[in-house]
Chemist: 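Next up is a structure, given as structure tokens.
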Amino acid sequence: MNNFKKFREGTIRRNHNFYGEAFLGILFLLFGTYTAVTERFTNREGTLICKGNPAIFLGALFASFGLYIIYYLFFKA
């Protein structure tokens, strides 16, 4: 049991999972912001999936999910 390091309460244990999830949260935030600003949601090949208000809704959904991931990692972990 000596291998486990004790962390004070309120400290964030930054390991590979933390940085990976923070990276994904930032990607979701950037992708959602880009989708909402351009009002275009396309797939990998560039085919237009939706345009206008549905794209803004999806962009806001992705951005809010990214913000939630970042909030959870930095303030709830």
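It should be emphasised that the depicted structure is a prediction, and the values quoted were computed from it without experimental measurement.
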Chemist: In Å and rounded to the nearest 0.5 Å, what is the CG to CZ distance from Leu58 to Phe31?
Modeler: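 Rounded to the nearest 0.5 Å, the CG-CZ separation comes out at 8.5 Å.
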
Chemist: Residues two or more places apart in sequence or in another chain: which of them pass ring-ring contact (aromatic ring centres under 6.0 Å, His included) with Phe57?
Modeler: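 Scan of Phe57 (ring-ring contact (aromatic ring centres under 6.0 Å, His included), adjacent residues dropped) gives none.
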
Chemist: What residues form a side-chain contact (heavy atoms from CB on, under 4.5 Å) with Phe23, not counting sequence neighbours?
Modeler: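 Testing Phe23 for side-chain contact (heavy atoms from CB on, under 4.5 Å), a comparison that skips the adjacent residues, returns Leu27.
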
Chemist: How would you list, by chain and number, every residue that makes a side-chain contact (heavy atoms from CB on, under 4.5 Å) with Ile26, sequence neighbours excluded?
Modeler: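 Leu30, Ile70.
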
Chemist: Quick check: closest heavy atoms across Thr33 and Leu29, and the distance to 0.1 Å?
Modeler: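 Minimum heavy-atom contact is OG1-O, 2.7 Å.
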
Chemist: Can I get a per-line list of side-chain donor-acceptor pairs under 3.5 Å for residues 39-46, giving both atom names and the distance, sequence neighbours left out?
Modeler:
| residue | atom | partner | partner atom | Å |
| --- | --- | --- | --- | --- |
| Asn43 | OD1 | Glu45 | N | 3.3 |
| Asn43 | OD1 | Gly46 | N | 3.2 |
| Asn43 | OD1 | Thr47 | N | 2.9 |

Chemist: Tell me, please, which residues at least two apart from Asn53 pass side-chain contact (heavy atoms from CB on, under 4.5 Å).
Modeler: Ile56

Chemist: Grouping I, L, V, M, F, W and Y whenever their side-chain heavy atoms are under 4.5 Å apart, do Ile69 and Tyr71 come out in a common cluster?
Modeler: yes

Chemist: Look at the side-chain heavy atoms of Ile, Leu, Val, Met, Phe, Trp and Tyr, link any pair under 4.5 Å apart, and say whether Phe74 and Tyr19 land in one connected group.
Modeler: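 In one cluster: yes.
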
Chemist: Taking the six-membered ring for Trp, are Phe65 and Phe28 parallel (under 30°), tilted (30 to 60°) or perpendicular (over 60°)?
Modeler: perpendicular

